[in-house]
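Presented below is the structure to which this report refers.
These values consider heavy atoms only, across backbone and side chains, with no hydrogens, waters or symmetry-generated copies.
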Amino acid sequence: MSALQLSSEGDALTTSVPWGQEIDVRLVLEPGSDNAGLRYNFGWRFGDTWDEWDSLALHGAEQADATWSFRPTKVGRYYVFADAIAPDGRKETLDATIEVDKGWSFDGLALDKTSPQYVDTDLTLSVQVSGVRSKAVVFNYVWQRDNWADWSSTVKETGEHVTERSHTYTFTHSGDYTLYVDCHDQETGQTWTYEQDFRVNKTWNLERLDLSYETPLYIGGGVYGTAVVSGDTAGLKYNFVWERDGWADWNSNLRAGSYTSSSTMSWVPIAVSGTYSFAVDVVDAHGEQQTVSVGGVVVGSPVRDRMTSMAQGYASNTSWLIMIDTTNNYLGIYRGGRGAWNLDRFWICSTGAPATPTVLGEYTVKAKGYSFGHGYTCYYYTQFYGDYLIHSVKYYQGTFNVLDGRMGMNISEGCIRLPIDQAKWIWDNVPTGTKVVTYR
């Protein structure tokens with residue numbers, strides 16, 4: 001055999017053919033070859049596997065004619081082959097490759113707004129296709145949020161593809177979205193998918209839960225909480241929660257009835273001693289929720305009294321003294337001198353986690369700085385030993401959006417975390433040389 005020649009509508013094919021055209025195949029023998037008694041088997045396979053293929057022999061239909069034709073049903077690469085079979089069973093095979101072009105092209109996706117946007121903002125996605133067969137293409141617009149935690153599509157909602165080359169979304173929840181367009185060729189049955197990432201933010205952010213109460217806090221005392229929310233607070237609802245001693249007892253607005261429209265709450269009086277945590281759930285009109293909590297509020301415990309008693313035994317190079325209880329997560333600031341220290345500030349804090357505990361012992365206030373962090377930012381740090389610092393809670397890097405605002409917990413890498421205004425107060429007021437005592 002000399003060659004396998006492919007043509008369509010009389011034109012020789014070298015690389016591709018538009019979809020829908022018939023392909024003519026001719027097996028050419030070398031000059032002077034004896035083709036007496038030869039039988040021929042023609043066939044094709046689609047793609048790089050044999051999942052889809054056909055041939056004359058597959059149907060028991062070898063032929064004496066050295067020409068054959070077939071019409072591809074799909075877009076993509078076809079491998080065409082021909083077997084020449086002699087009467088004695090000897091066989092030679094030639095093959096050729098041809099690309100079937102879909103007759104249309106995808107020219108891109110276009111969004112009418114840049115990422116990120118806020119919830120309830122209309123976002124229009126347009127798909128651009130062109131070519132002689134572009135009218136054969138219909139579309140399925142798909143979106144998914146936060147790794148398919150939520151998703152929908154045109155086909156899911158309506159049961160069918162659409163011909164419109166644009167689609168408008170109005171997202172009601174924040175998150176990281178991926179927008180997909182399935183371009184479905186109605187004649188070939190094939191689908192090509194294209195995607196675009198997009199970020200949607202809430203119009204509000206729950207920064208923290210501020211608590212105020214007398215210290216030490218004993219049975220009969222009150223705790224007052226304020227949910228600090230930035231952005232658009234219109235229509236927000238609040239569920240304030242308290243729990244005691246690992247949920248041995250608890251209550252909330254929802255447990256008692258319903259959300260409240262007020263961002264403040266009073267828990268008065270505290271009736272049972274123990275260690276309390278307080279939290280607030282904030283919910284918007286779309287049901288999106290954010291929660292923050294503050295733990296380690298000790299009622300009826302001599303934490304402060306013990307700290308003050310211990311403080312009297314220490315001397316400082318300044319008229320200031322910082323005491324840190326790493327078990328109950330409290331920080332006390334004293335003014336005066338040895339044997340006559342007076343408590344000036346008593347704040348809940350967060351200290352080292354069990355795997356990364358805060359160092360224990362007597363140390364001294366040294367360097368101070370505005371900020372530090374990689375992948376996060378902490379502000380207003382006060383060094384007391386090596387890499388051990390007193391600083392603000394964690395914020396998203398380079399911002400004042402809280403990343404981790406938990407208080408009253410053993411969660412840090414060894415440093416002492418405080419709300420930013422308290423960290424700044426130490427940064428502004430407590431001088432270098434001040435003694436810092438950490439204890440269990």
Indicate whether any N or O donor in one side chain lies under 3.5 Å from an N or O acceptor in the other, for [X] and [Y].
X      : Y      : result
Thr93  : Asp83  : yes
Ser130 : Asp107 : yes
Asp120 : His286 : yes
Gln290 : Asn205 : yes

Ring centroid separation for Tyr379 and Phe400, is it under 6.0 angstrom?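 Distance test on ring centres: under 6.0 Å, yes.
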Determine, for [Y] and [X], whether the Lys NZ or Arg CZ falls below 6.0 Å from the six-membered ring centre while staying within 45 degrees of the axis.
X      : Y      : result
Arg345 : Trp425 : yes
Lys156 : Trp151 : yes
Lys202 : Trp204 : yes

Partner of Tyr180 under ring pair (Phe, Tyr, Trp, His ring centres under 6.0 Å), chosen from Tyr141, Trp143, Trp148: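 With Tyr180 as partner, Tyr141, Trp143, Trp148 yield a single ring pair (Phe, Tyr, Trp, His ring centres under 6.0 Å), made by Trp148.
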Taking [X] for the side chain and [Y] for the main chain, is one N or O donor matched with an acceptor at less than 3.5 Å?
X      : Y      : value
Gln383 : Gly386 : yes
Ser8   : Glu22  : yes
Arg255 : Trp250 : yes

For [X], which residues count as a side chain to side chain donor-acceptor pair (under 3.5 Å) partner, sequence neighbours excluded?
X      : value
Ser69  : none
Asn239 : Asp281
Glu30  : none

Between Ile333 and Trp320, is there a side-chain heavy-atom distance shorter than 4.5 Å?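 Yes, close enough: below the 4.5 Å cut-off.
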Please evaluate residues Tyr396 and Val402 with respect to the criterion side-chain contact (heavy atoms from CB on, under 4.5 Å), reporting the C-alpha separation (whole Å), side-chain torsions for both, the decisive distance (0.1 Å), and the verdict. CA-CA 6 Å; Tyr396 286 98; Val402 175; over 6 Å; no
In sequence, state the C-alpha distance, the side-chain angles, and the governing distance for Trp267 and Tyr224, and then conclude on ring pair (Phe, Tyr, Trp, His ring centres under 6.0 Å). CA-CA 6 Å; Trp267 291 276; Tyr224 306 89; 8.9 Å; no
